[in-house]
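Sequence lines set the chain letters: A, B, ... in the order given, protein chains first and strands last, and positions in each chain run from 1.
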Amino acid sequence: MTTAEMISAFKVNYDIVNLEGPGYEDEEILVLLNQAQILEVQKEIQLRRHTWISNLIVNQLGSSTAGLTYGNTRTYTRGGTEEYIGFISSKSKVTRATFKVINPADWVDNILIRKEESGKYVNSAINRVILLNPRIYEDTHDTFTIIHDSLTTFSGASDVYLEYVKKPVLITAGVDSEVDLMLHDRIVNTAVNLAKKVFNPNESSGSLQTDAMINKVV
Amino acid sequence: MTVYELQHRFNVEVEKFGIVHPVLSTIIEDHINWEYQKYVTEKYDSLINPAEKFEITERISRILAPLIADYNVTSFTPITTNNVTGKFVGYYAAGPGETVLQYIIKESAVLNTTDCNGNALAAPVKIIPIKHNMIAVNLNNPFLQPDDEEAIWRMNIMSGRLELLIPYGTTLASYTARYLKKITPIDFISGTTIEIDSSVHEEIALKAAYTYLSNLSNESKQKQS
């Protein structure tokens, strides 16, 4: 659907269900469509279903730098200008001198963990960890921290691969939605639900997942 | 198995039961050391499991073989409290050390004595480990008391020392023992791993993992009740 078709579809759907509701200008509908687009993309990320958002996937090869002052960590700073909204996968190119030797350097998957759990993975005087797969967590804006064990070595040159979902460009009068056509109807429906919630917050959208996400947004 | 392999094996086993975050390595160390000591103690002690006692089979002998060490000493300190003039005199040897010595499994000594012609003689003698209260009981028994042709007595005393009672008028030239030493706990930081035969390392790591999981399960039951 083009932007104009999405706006038109919004009006049709909204009018059907809310003849008594407030009307919306096109600019207002675009705001709702953009909110809905983010919600639908987030749903796909949560479901690890990347087919319909493949246009948003960014593959990046970069270099890590020495990380925190304690433990064995590396920092990876994401390049590019796109805004990051979801992690897909990551790999590190490492060598291991002993125990499950990797030499010459080869790629191993990084396993995503939550930042608050990272302490359990960090090497210290009382906790010597064995991590055959490094762990990665989303750290500060645009940076990721990779935790590895004392036996793993990073070269620091083109040693981290990151695959993530970028934020879609805003739908505007001249710019159509980037996501797959299959999601366009869902975006319009979610935008309609958002519009209904504006004047009746208790109204159900018909999907518990959408309700939960909308309640965070509205 | 190296300490890396032991820790990894433990982690793999607990991951099967949904423990996805790494267990603190000091906790793994403690659990493996506990099971290691239990395993070795069972093999030492026939009272716990008569079928598994030391050297009962070639396999058990091989498992414990790395814990066998030798001790030899030629310097002794007199002990006057147990001396009985005309019967025997007491000495002690420092021993391999109380942090090391577990059980003596073979021992012998050489006495400086004289033959029937009065010539100096270094006589090899057997060692009889006896109980403390048997000193007085056997003191006047000519068939059992220490003598320079057959055997001398040995008892365990404080600080890992070995008390040796030898016939009056002789001196100790040397004492030799073979013993089972105490296990050295594994240490992930220094890399000290299990000393006994590698064929049982995995068994010990698995037992440690199950003990850990069992403790977790008990804790969770206690919280619920």
Q. Chain B heavy atoms under 4.5 Å from Leu132(A): which part of the residue, side chain, backbone, both or neither?
A. side chain
Q | Which atoms of Leu151(A) approach chain B - backbone, side chain, both or neither, heavy atom under 4.5 Å | A | side chain
Q) Residues in salt bridge (charged side-chain N to carboxylate O under 4.0 Å, His left out) with Glu150(B), at least two apart? A) Lys126(B)
Are there donor-acceptor atom pairs under 3.5 Å between chain B and chain A, and if so which?
residue	atom	partner	partner atom	Å
Gln7(B)	OE1	Arg128(A)	NH2	2.6
Gln7(B)	NE2	Arg128(A)	O	2.5
His21(B)	ND1	Tyr121(A)	OH	2.7
His21(B)	NE2	Glu117(A)	OE2	3.4
Ser25(B)	N	Asn127(A)	OD1	2.8
Ser25(B)	OG	Ile126(A)	O	3.3
Ser25(B)	OG	Arg128(A)	N	2.7
Phe188(B)	O	Arg128(A)	NH1	3.0

(Q) Would you compute the distance between atom CD1 of Ile130(A) and atom CZ of Phe188(B) and round it to the nearest 0.5 angstrom? (A) 8.0 Å
**Q.** Portion of Val20(B) that has a non-hydrogen atom of chain A nearer than 4.5 angstrom
**A.** backbone
